[in-house]
Amino acid sequence: MRKNILLGALAFLAMPVAAWEGHVSVETPQTQMILHAKDGQDLRMAYYGAKAATFSELQTAGDDFDFPALPAFGTVDMVQLPALQVQHANGDLNLELKVDEYSCADNGNAVVHTFLLSDKLQPVSVRLFYKAYKQIDVIETWTEITNGEKRAITLKRFDSGHLTLRQGDVWLTHLHGDWAAEANVVDEPLTLGCKVIRNTDGARNAHLDAPEVMFSLDGKPQENQGRTIGAALCWSGNYELRVNTLLNKQHHFYAGIDPQSSEYVLDPKQSFATPHLALVYSEQGIGGVSRIFHRWARTCGMLHRGMNTGDILLNSWEGLYFDINEERMLQMMDDISKFGGELFVMDDGWFGNKYQRNNDSSTLGDWVVDKKKLPGGIKALVDAARQKNIKFGIWIEPEAVNTKSELFEKHPEWVLQTKGRELKLGRGGTQLVLDMTNPEVQDFAFKIVDDLLTQYPEIAYIKWDANASIQNVGSLYLPMEKQSNLYVDYHLGLLKVLQRIREKYPNVVIQDCASGGGRANYGLLPYFDEFWTSDNTDALQRVFIQWGTSLFFPANAMACHINHCPYWNTGGRVIPIKFRCDVAMSGRLGIELQPKDMTDEERQQCTTCFKDYKELREVVQTGNLYRLVNPYNRKGVASLMYVDDAQQQGALFVYKTDNYYNQPLPRIRLAGLNPDKTYTITEKNVRVWKEPCSLSGKQFTGRFLMEVGIEVPLWEDYASRIFAIK
């Protein structure tokens with residue numbers, strides 16, 4: 001598992017020093033980045049794109065596209081923004097970097113290129129890394145800053161990377177949203193000036209904007225064609241992405257930790273490593289970039305689950321909320337088992353001794369079983385799950401506490417706060433965030449998981465939630481001169497806890513939940529198997545949320561659940577069970593309702609859904625995604641499909657998102673198939689009491705399916721179809 005963690009005094013493996021000829025090509029199978037430097041000068045980037053150039057060809061062509069790889073304050077004019085700024089111990093704000101040394105090392109699946117740069121005056125050095133994967137077109141870049149001075153220095157800006165793009169008809173694609181409305185896709189042309197995308201929640205960074213973007217270099221984004229660059233900052237805290245577009249024909253892209261209130265005080269002889277910035281280049285449009293990100297996540301350790309698939313589960317939250325007791329838990333386990341499900345997860349409301357957890361205003365931090373609700377304890381539940389041949393999972397929120405709790409009464413100093421200032425309270429009017437910079441709090445958070453899995457080793461799944469932003473910006477643990485380290489050190493502490501958990505419990509499945517999709521990022525996914533995509537499980541809105549999320553994240557990372565109806569989150573909207581099942585089947589399938597309240601039709605449809613999903617699960621969760629008809633284009637239909645590497649089988653999803661009389665619907669043209677193979681398409685999860693549509697069982701060549709396409713019968717409101725392709 002990849003350990004992408006920032007560390008003071010970070011130790012690096014010795015790398016062989018390579019012959020430095022003044023330039024190097026950092027290469028993946030299909031892409032390259034050309035970097036160069038003259039004696040006594042900074043590192044420059046001359047090219048990033050398809051593997052089609054040499055440094056000498058660029059020089060021969062008279063290419064003047066030549067900019068600092070890591071612009072530093074004091075060496076670039078103030079029109080071109082700096083990516084790095086340091087205040088030295090004597091107050092000097094300048095940093096003049098020159099290349100001292102170049103080395104490269106083969107670590108098995110990638111080649112790591114390292115440039116050692118040093119300031120011309122002060123003993124401050126910067127290692128700039130480029131990690132090029134051998135089997136996939138991803139280059140990661142990051143920096144390590146070392147303080148060689150006798151006193152502390154202050155890092156005022158510390159971006160992970162910088163990329164220069166030529167001006168033209170360049171479009172930016174990014175994700176914007178809110179709680180229960182995450183991952184809305186925004187496409188916009190880059191215009192003159194500075195475009196900033198940032199998040200300052202403190203604890204979660206993907207609700208409003210997301211730390212991933214794409215650049216379409218050939219005009220408005222196209223799904224499967226056009227030169228496209230993707231970038232993902234692998235960080236879980238506050239971030240800032242900037243695009244500075246100048247009159248001199250360049251776009252400058254910067255990505256890194258947000259420096260607002262986060263100037264980092266670095267002691268002598270300490271080093272600070274920035275998060276990794278993953279860069280992807282594809283000539284197959286945004287779909288090509290997506291597929292590269294998905295493969296990188298599943299095969300290069302960026303998703304703990306890797307190529308494994310997730311179980312079909314029932315989560316108790318939307319079915320019961322806090323109204324948990326042993327009888328209801330056993331009943332829900334019995335129901336999910338009868339449906340053919342594989343896992344039951346007991347959500348919030350199971351814990352508390354002095355204070356009972358009946359709403360969100362108390363008891364967080366008191367992780368002991370409420371024996372009034374669960375007289376048999378967790379043991380009775382894991383025993384029952386075993387008897388029903390399903391697995392058992394449980395919900396926790398280790399980073400938070402309520403003021404009404406035994407933990408807060410015992411350790412009020414463990415919460416984030418500034419001495420003398422009134423506490424700002426969050427969810428339920430009592431919730432606070434624990435100080436993860438404090439090693440004692442880190443030990444406490446680890447112990448929550450360790451105690452559960454030591455006492456009940458049969459627990460197979462943990463839902464790790466984070467329902468509060470950082471409102472009290474202060475730490476009683478950090479010294480006053482390092483209070484600005486808080487936003488960064490909070491996440492370093494969190495990563496230390498997660499590392500300890502994974503070292504001891506590598507096989508337990510852990511879901512990353514943060515009031516929905518608030519932590520869908522590649523900073524945390526190396527320690528989690530999946531994330532909760534959104535607290536909004538309304539199937540129509542999930543079509544859009546899951547579409548946007550899929551731009552960067554693979555299907556086996558996205559938890560997609562069948563909801564109850566009428567649904568409160570969308571004003572009581574009622575959507576047929578067939579449509580709800582079909583939307584949830586396009587990710588890691590689950591169910592989020594009270595089964596005993598279901599109609600006979602809903603029960604039968606879910607049973608069929610679970611059975612058919614097991615046949616499609618592998619290709620859905622680990623196949624190559626092709627988005628076919630974009631719901632944001634408002635053509636009345638959304639469609640996507642997954643295809644395995646061998647192009648032997650796939651799964652096609654079609655959803656009707658609008659319905660009106662005499663509606664022209666687009667013909668669905670498939671993608672990713674072998675044009676010379678013949679495929680049989682078979683409808684799955686057929687609506688209860690209905691026959692498969694006329695297309696089911698028919699054969700077509702891959703060429704016909706991709707170039708001509710099929711008319712999918714979608715007559716009524718919320719019509720949907722799923723087809724297995726073999």
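Each residue takes its place number in the sequence, starting with 1.
- Between Lys684 and Glu615 a salt bridge is recorded (basic side-chain N to carboxylate O distance below 4.0 Å).
- In this structure a side-chain-to-backbone donor-acceptor pair under 3.5 Å is present from Asn556 to Asn308.
- By the 4.5 Å heavy-atom criterion applied to side chains, Val497 and Tyr527 are not counted as neighbours.
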Worked verdict on Leu313 versus His561 for side chain to side chain contact (heavy atoms under 4.5 Å, CB included): CA-CA 9 Å; Leu313 66 83; His561 291 187; 3.4 Å; yes
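- Counting only distance, with no hydrogens or angles, the side chain of Arg580 and the backbone of Asn563 share a donor-acceptor pair below 3.5 Å.
- Only one option out of Arg502, Lys463, Arg298 pairs with Asp529 in a salt bridge (charged side-chain N to carboxylate O under 4.0 Å, His left out); it is Arg502.
- More than 12 non-hydrogen atoms from other residues, nucleotides or ligands lie less than 6.0 angstrom from CZ of Arg627.
- A salt bridge does not link Arg542 to Asp538: none of the charged side-chain nitrogens sits closer than 4.0 Å to a carboxylate oxygen.
- A donor-acceptor pair is defined here as one N or O able to donate and one able to accept, closer than 3.5 Å; no such pair exists between the side chain of His564 and the backbone of Pro595.
- Ring geometry for Phe553 against Phe531 counts as perpendicular: the plane angle is over 60°, on a 0 to 90° scale with 30° as the lower cut.
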Decide yes or no on side chain to side chain contact (heavy atoms under 4.5 Å, CB included) for Val637 and Ile668, but give the supporting numbers first. CA-CA 9 Å; Val637 172; Ile668 307 299; 4.2 Å; yes
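- For CG of Asp597, the number of neighbouring non-hydrogen atoms (other residues, nucleotides, ligands) closer than 6.0 Å is greater than 12.
- Look at Asp201 and Arg204 and you find a salt bridge, because one of the NZ, NE, NH1 or NH2 atoms lies within 4.0 Å of a carboxylate O, short of that distance.
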With side-chain hydrogen bond (donor to acceptor under 3.5 Å, both in side chains) as the test, would you mind laying out the steps for Tyr567 and Gln541 before giving the verdict? CA-CA 11 Å; Tyr567 192 57; Gln541 194 155 356; over 6 Å; no
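- Judged by distance alone, the side chain of Ser405 and the main-chain N or O of Val401 form no donor-acceptor pair under 3.5 Å.
- Side-chain contact check for Asn358 and Lys373: at least one donor-acceptor pair (N or O, by modelled atom type) lies under 3.5 Å.
- Below 30°, between 30° and 60°, or above 60°: for Phe322 and Trp317 the angle between ring planes is above 60°, a perpendicular geometry.
- A salt bridge is absent between Lys596 and Asp335: the closest approach of a Lys/Arg side-chain nitrogen to an acidic carboxylate oxygen does not fall below 4.0 angstrom.
- Heavy atoms only, all atoms of each residue included: Cys581 and Ile562 are closest at SG-CD1, 3.7 Å.
- The pair Asp366-Lys354 does not meet the salt-bridge criterion, since no charged nitrogen lies less than 4.0 angstrom from a carboxylate oxygen.
- If you take OG1 on Thr533 and CD1 on Ile545, they are separated by 8.5 Å, rounding to the nearest 0.5 Å.
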Verify ring pair (Phe, Tyr, Trp, His ring centres under 6.0 Å) between Phe544 and Tyr632, making sure each step is shown before the conclusion. CA-CA 8 Å; Phe544 293 85; Tyr632 287 90; 5.2 Å; yes
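- Under 4.0 Å is where a charged nitrogen must lie from a carboxylate oxygen, and between Lys391 and Asp311 at least one such pair does.
- Counted by atom type alone, Asp347 and Asn315 present one or more donor-acceptor pairs between their side chains at under 3.5 Å.
- Between Phe444 and Leu407, some side-chain heavy-atom pair lies under the 4.5 Å cut-off.
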Test Tyr505 against Asp450 for side chain to side chain contact (heavy atoms under 4.5 Å, CB included), laying out the working first. CA-CA 9 Å; Tyr505 302 105; Asp450 192 36; 2.4 Å; yes
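- Comment: Asp383 engages Lys379 in a salt bridge, judged by a side-chain N to carboxylate O separation of less than 4.0 angstrom.
- Side chains of Trp179 and Asp535: a donor on one and an acceptor on the other come within 3.5 Å.
- In Lys614, the NZ atom is crowded: over 12 heavy atoms of neighbouring residues, nucleotides or ligands sit closer than 6.0 Å.
- A salt bridge is absent between Lys656 and Glu716: the closest approach of a Lys/Arg side-chain nitrogen to an acidic carboxylate oxygen does not fall below 4.0 angstrom.
- Between Asp178 and Leu208, the closest side-chain pair of non-hydrogen atoms falls below 4.5 Å.
- Tyr522 pairs in a ring pair (Phe, Tyr, Trp, His ring centres under 6.0 Å) with only one of the listed residues (Trp296, Trp235, Phe552), which is Trp296.
- The closest donor-acceptor contact from the side chain of His304 to the backbone of Pro526 lies at 3.5 Å or more, if one exists at all.
- In this structure, Tyr718 and Phe579 have perpendicular ring planes: the angle between them is above 60°, well past the 30° mark.
- Nearest heavy-atom pair, Phe653 versus Asp582, reported as atom, atom and distance to 0.1 Å: CD2-O, 3.7 Å.
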For a side chain to side chain contact (heavy atoms under 4.5 Å, CB included) check, start with the C-alpha distance between Leu374 and Met346, then their side-chain angles and the critical distance, and finish with the verdict. CA-CA 11 Å; Leu374 304 173; Met346 178 172 64; 3.9 Å; yes
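- Between Arg617 and Glu342 there is a salt bridge, since at least one side-chain N of the basic residue sits less than 4.0 Å from a carboxylate O of the acidic one.
- The closest donor-acceptor contact from the side chain of Asn325 to the backbone of Arg328 lies under 3.5 Å.
- Note on Arg357 versus Asp348: salt bridge recorded, some NZ/NE/NH1/NH2 to OD/OE distance being below 4.0 Å.
- For Glu399, the side-chain hydrogen bond (donor to acceptor under 3.5 Å, both in side chains) criterion is met by Trp464, Tyr490, Arg519, not counting sequence neighbours.
- Side chain to side chain, Gln331 and Gln594 meet the donor-acceptor criterion of an N or O pair below 3.5 Å.
- At distances below 3.5 Å, at least one donor-acceptor pair connects side-chain atoms of Asn184 with backbone N or O atoms of Ala181.
- No side-chain donor-acceptor contact under 3.5 Å links Tyr355 and Glu406.
- Side chains of Thr608 and Asn685: no donor on one and acceptor on the other come within 3.5 Å.
- There is no side-chain donor-acceptor pair under 3.5 Å between Glu592 and Thr537.
- Counted by atom type alone, Glu618 and Tyr642 present zero donor-acceptor pairs between their side chains at under 3.5 Å.
- Side-chain contact between Val508 and Tyr461 is absent, with no heavy atoms from C-beta onward closer than 4.5 Å.
- Of the N and O atoms on the side chains of Glu397 and Gln431, at least one donor lies less than 3.5 Å from an acceptor on the other residue.
- Arg305 places a side-chain heavy atom less than 4.5 Å from the side chain of Val509.
- Looking at Thr403 and Leu425, their side chains come closer than 4.5 Å, going by heavy atoms from C-beta outward.
- The minimum heavy-atom distance linking Gly341 with Phe610 is given by the pair N-CD2, 3.7 Å.
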